[in-house]
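Computed over heavy atoms, backbone and side chain alike; hydrogens, waters and symmetry mates excluded. Each chain gets a letter, A, B and so on, in the order its sequence line appears, and its residues count up from 1.
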Number of protein chains: 2
Amino acid sequence: MDEILLKKYADVENCPVRNVLDRFGDKWSTLVLLVLDDVAVIRFNEIHKMIDSISQKMLAVTLKSLEADGLIIRKQYPEIPPRVEYTLSERGASLIPHIKSLVQWANANFEDITKSRAAYKK
Amino acid sequence: MDEILLKKYADVENCPVRNVLDRFGDKWSTLVLLVLDDVAVIRFNEIHKMIDSISQKMLAVTLKSLEADGLIIRKQYPEIPPRVEYTLSERGASLIPHIKSLVQWANANFEDITKSRAAYKK
DNA sequence: TCTTTGACTTACCAAAAGTAAGTTAATAAC
DNA sequence: GTTATTAACTTACTTTTGGTAAGTCAAAGA
C-alpha cells in the first residue's frame, strides 16, 4: 500500500470525503431533506409529526445546521404564536437525487440485507 | 398535509427510508466501504492507518456490522499473529457508485457550503 | 524465558442524543 | 382581568453512543 493512499483519508481537514460524511453522516439530516422534498413547504411541528421519532431538540439542531449550510430556507412570519416555514433551497434540491439513489439501492437490497443479518449470529 | 404522508416516515419498522438511514447513517460505515473499494484487499491495521481518526473499537464494530449485512467479506488465516483480510462483497460493491455520487456532489458544493456556514452566525 | 506481532476486547470516560419541562407573547375563553 | 392556548423552540437532566488506553491470545524469534 503506497504512502499517498495511506494519507488519503487520514485527517478530516484535508479529506473531502471525510468532510462530506461528517456533515451528512449524522442521524437526521438526510431524512429531513427527504421530507422537505416530499412536501415542498412545511412547518416545524409538521416535520415533527412526520418523523415522530426525532426529538424536538434534535429537529431544531438539524434544521439549524441545514440552514447554515444553505440547504434549506427558513421563513419566519411575525405572528404569535409563531409561524415558521421551511423549504429546500436550490442547493438542497440538487442533493436530493443523490440521496434518492441511495434509498433506491437500499430498498432493492433491504430484504437480502435483513436475511444476512439474521443469519449472522456471533 | 394528508394522513398518508403524515405516516410515511413515522415509524422505523415500516419505513424503508428510515431503515436505510439507520443502517448507513452511522459515523463510519460509508467511509470504510469507500476505503475497501479503493484498495480491494486490506487488513485491519491498514484500515486503521488509512482512517486514523477511527478508534480500533469502532473499526471493529463497523466491520462486524458491514460483515453481518453481507457488504464486506472477512477472510481469516490460521496464523499467529493473526491475519485477517477484508474485501467488498458484490453487494457492497453495488452500493459504491451511489456513495460516490454523493461524494461527488459534496466535492462540487463543498466550497459554497463552507462559505454559507461561515456567513451564518447566530 | 521474554519480547514481538495483529486483530481484536474490555473498562473506563467523554460526547452526542433523548426526555420532559419550561419560555415567549398575543389572542381567546372564562 | 386572570387563565388557558398555541408554535417554535430552549434548557436541565438522563441515557446511549463513541473514544481512550490498556489488556488478551498464542506462536515464533531473540
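A 4.5 Å side-chain heavy-atom check between B:T87 and B:L36 finds every atom pair outside the cut-off.
Comparing the end axes of the helix from C:dT1-D:dA30 to C:dC30-D:dG1, each fitted to five base pairs by superposing C1' atoms of four pairs onto the next four, gives an inter-axis angle of 30° (nearest 10 degrees).
Atom CD in B:E46 sits about 15 Å away from atom P in C:dT5, given to the nearest Å. Per the geometry, CD belonging to B:Q56 stands 17 Å off P belonging to D:dG18, to the nearest Å. A:M58 has its CE atom 15 Å from the C1' atom of D:dT11, to the nearest Å. Separating the NZ atom of B:K57 from the P atom of C:dC12 is a distance of 13 Å, rounded to the nearest angstrom. Atom P of nucleotide D:dA27 and atom CD of B:E79 are separated by 13 Å, given to the nearest angstrom. In this structure, NZ of B:K75 is placed 20 Å from C1' of C:dC8, rounded to the nearest angstrom. The interatomic distance linking A:R83 (CZ) with C:dT27 (P) rounds to 14 Å, in whole Å. In this structure, CD of B:Q76 is placed 8 Å from C1' of C:dA7, rounded to the nearest angstrom.
Looking at A:S116 and B:R91, their side chains do bring a donor and an acceptor atom within 3.5 Å of each other. Neither side chain, A:Y86 nor A:E67, offers a donor N or O lying under 3.5 Å from an acceptor on the other.
Among the heavy atoms of the strands, none lies under 4.0 Å from B:Y77.
The distance from atom CG of A:L66 to atom CD1 of A:I72, rounded to the nearest 0.5 Å, is 5.0 Å.
Side chain of A:H48 to backbone of A:L59: no donor-acceptor contact under 3.5 angstrom is found. A distance-only check finds no donor-acceptor pair linking the side chain of B:T62 to the backbone of B:W28 [under 3.5 Å].
Minimum atom distance to the side chain of B:R43 is reached by C:dG6, of the listed D:dT6, D:dT20, C:dG6. Closest approach to the B:P82 side chain among D:dC9, C:dG6, C:dC8 is made by C:dG6 (side chain taken as heavy atoms from C-beta onward).
Around the CD atom of B:E79, the shell of radius 6.0 Å holds more than 12 heavy atoms that belong to other residues, nucleotides or ligands.
The side chain of A:Y86 places no N or O atom within less than 4.0 Å of a non-bridging phosphate oxygen (OP1 or OP2) of D:dA7. At least one side-chain nitrogen or oxygen of B:K64 sits closer than 4.0 Å to the OP1 or OP2 atom of C:dT9. In terms of phosphate contacts, B:W28 brings no side-chain nitrogen or oxygen within less than 4.0 Å of OP1 or OP2 of D:dT17.
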